[in-house]
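Below, read A as the first sequence line, B as the second, and so on, with proteins coming before strands; counting in each chain starts at 1.
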2 protein chains.
Amino acid sequence: MNKGKINKKTAKAVETKKKIYESADQLFKKHGFDNVSVDSIVEKAGVSKGSFYVYFDTKNDLITTLIADTVYKVDLDYKSYLESFPPGTMASDILFSFVEKMADTIACAIGYDLMKMLYEAQITRTVNTEAVMGYNRKLYQVFSNIISQGIEQGDFRVDMSVDTITKHCIMAMRGLTYEWCIRYPDFDLKEQSLIHYEVLLNGIKKQ
Amino acid sequence: MNKGKINKKTAKAVETKKKIYESADQLFKKHGFDNVSVDSIVEKAGVSKGSFYVYFDTKNDLITTLIADTVYKVDLDYKSYLESFPPGTMASDILFSFVEKMADTIACAIGYDLMKMLYEAQITRTVNTEAVMGYNRKLYQVFSNIISQGIEQGDFRVDMSVDTITKHCIMAMRGLTYEWCIRYPDFDLKEQSLIHYEVLLNGIKKQ
DNA sequence: ATTATATATTGACTATAGTCAATGACTATA
DNA sequence: TATAGTCATTGACTATAGTCAATATATAAT
C-alpha cells in the first residue's frame with residue numbers, strides 16, 4: 001500500500017486525532033489540566049480510549065503537543081517583536097525589552113497552568129519536549145541575534161561565544177520561570193526577571 | 001488524654017512510621033523511585049496501605065521527606081565547608097569554590113534520581129517542599145554570608161541588598177540544576193555552573 | 001474492673017492512566 | 001467481484017495512587 005496517501009481511511013484517522021485534540025483543548029480550558037481525565041476526553045470526542053493511545057503516547061504527550069503549538073506561535077511573535085526595533089538600537093536595550101516581553105507572555109498569554117504542565121513534562125520526560133527545550137528552537141536564534149548585535153556594537157564581551165552567551169541567557173529565563181512556578185503567586189516574574197537580567201547583562205558587557 | 005505523651009500506643013505509631021520510611025528507603029535505593037509502588041512498600045513494612053496514608057499524604061510526600069533529610073545534611077556540610085576558608089579569603093574565590101562544591105554535591109552525592117524527584121515535587125506541589133525552597137533554609141544564610149563578606153571587602157556592588165543578591169544567586173543555581181535535570185546526561189553541571197557564575201559574579205562586582 | 005474515649009490500623013473500594021488482543025473498515029490486487 | 005493485506009478502532013483489562021468507614025487496641029475516667 002502507498003504511504004502518506006490521502007484517502008478515506010487516513011482522512012478518518014486525521015479526523016479522529018483532531019477530535020481528540022480539540023475535545024481535550026476545550027475541556028482543559030474549561031476545567032484545568034488536573035481535572036480532566038482521559039476518559040472524559042474520549043467520551044467528549046466520541047472515540048474509544050484505545051484510540052487516544054494510538055495518537056498520543058500519554059496524557060502528557062497531548063498536553064505537550066498543545067504547549068508546542070503555543071510555543072510555536074509565541075516564538076513567531078517574539079521574532080516579529082524583535083524585528084520591530086529600528087536598526088542601531090542598543091542590544092542591551094533590546095534585551096531588556098525582550099525580557100519584559102517574555103515575562104509578560106509567560107505570565108499572561110501562556111499562564112501558570114500551562115507553564116507548570118510544561119515544566120513538569122520537561123522534568124519527568126514522559127514525553128518529548130524537544131520543541132521547547134531543543135537548541136534548534138527559534139527562540140535560540142532570536143536571542144542569538146541580539147547577542148551578536150551587542151558584540152558588533154562593541155558593547156558585549158568577546159571572550160565568550162555568542163552560542164554560549166545565548167544558551168546561558170535562555171537558561172536564566174528558564175530558571176526564572178521555574179522559580180515563578182514553584183513560588184506562584186508570590187513571585188513577580190517580570191520584576192525579578194528585570195533585576196536578574198540587569199545583573200546578567202552587567203556580567204556580559206565589556207568592563 | 002494528654003498530648004505528646006510517650007506510651008505504648010504512640011511508641012507503636014512512631015515505630016510504624018519508621019518501618020514505612022525505612023522499607024521505602026531500601027526499596028528506592030534498590031529499584032529507583034519509579035519502580036517502587038506504595039503496595040510494595042507497605043508489604044515490605046508489614047503494614048496496611050491505610051497506615052501509609054496516615055503517616056504520609058502522598059507517595060511524593062514520603063519521597064520529599066527523604067529529600068528534606070538529605071538536604072538538611074547537605075546544608076550542614078555546606079556550612080562547615082564555608083567555615084573552612086581562612087578569614088580574609090576573597091568572597092569571589094569562596095563563591096567559586098562553593099559553586100563547585102554544590103555542583104559536585106548535586107551531581108554526585110545526591111544524584112539525578114533524587115534531584116529529579118525533588119524538582120518534580122516542587123513544581124507539582126503535591127507536597128510541601130518548604131524545607132528545600134523556603135527562604136529560611138540554611139543555604140540562604142550560608143550564601144548570604146559570602147555576599148556580605150564580598151560587600152565588606154568592597155568587591156561587590158552596594159546598590160543591591162544582600163538579600164536580593166542571595167536570592168538571585170540561589171535561583172541561578174536552581175536554574176542550572178533544572179537545566180541539568182532536563183538535559184541529563186548531556187549537560188555538565190559543574191562546568192556550566194562555573195561559566196554561569198563567572199558571568200553572574202562579574203555582574204555583582206563593582207565596576 | 002468496667003466503661004468511655006481516643007487513636008492506630010485495616011483492607012476493600014474508587015479513580016484513573018495506560019495496555020493489548022480482537023474486531024471492523026478500507027484499499028490494492030487479481 | 002472476490003480476496004488478502006493494512007491499518008484504524010475498540011473496550012475489557014491491568015496497575016497503581018489514594019480514600020474511608022469499620023475495627024482493634026491502648027489509655028483515661030468512674
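Following rounding to the nearest Å, A/Asp39 (CG) and D/dC13 (P) show an atom-to-atom distance of 15 Å. Distance B/Phe33 CZ to D/dT16 P: 17 Å, rounded to the nearest Å. Taking atom CG of residue B/Leu27 and atom P of nucleotide D/dT16, one finds them 13 Å apart after rounding to whole Å. When the C1' atom of C/dA17 is taken as reference, atom NZ of B/Lys59 falls 14 Å away, rounded to whole Å.
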Where do N or O atoms of nucleotides 8-12 of chain D meet protein N or O atoms at under 3.5 Å, pair by pair?
| residue | atom | partner | partner atom | Å |
| --- | --- | --- | --- | --- |
| D/dT9 | OP1 | A/Thr16 | OG1 | 2.4 |
| D/dT9 | OP2 | A/Thr16 | OG1 | 3.4 |
| D/dT9 | OP2 | A/Tyr55 | OH | 2.5 |
| D/dT10 | OP2 | A/Ser48 | N | 2.9 |
| D/dT10 | OP2 | A/Ser48 | OG | 3.3 |
| D/dT10 | OP2 | A/Ser51 | OG | 3.3 |
| D/dG11 | O6 | A/Gly50 | N | 3.3 |

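For the pair A/Tyr53 and C/dT19, the criterion of a side-chain N or O lying under 4.0 Å from OP1 or OP2 is not met.
The side chain of A/Ser37 lies closest to C/dA17, out of D/dA17, C/dA17, C/dT27. Distances from the side chain of A/Asn7 to the nucleotides D/dT27, D/dG18, C/dT27 place C/dT27 closest.
Looking only at distances, a side-chain donor or acceptor of A/Ser148 sits under 3.5 Å from a matching main-chain atom of A/Ser144. Using modelled atom types, one side-chain atom of A/Lys59 and one backbone atom of A/Val36 make a donor-acceptor pair closer than 3.5 Å.
In this structure, B/Arg174 fails the cation-pi test against B/Tyr119, since its NZ or CZ atom is not both closer than 6.0 Å to the six-membered ring centre and inside 45 degrees of the ring normal.
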Subject >> Pairing string, 5' to 3', for DNA chain C - Watson-Crick or wobble contacts under 3.5 Å, brackets [ ] where pairs cross, | to another strand >> reply: ||||||||||||||||||||||||||||||

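Interface residues of residues 117-132 of chain A facing DNA chain C, ordered by number: none; criterion, heavy-atom separation under 4.0 Å.
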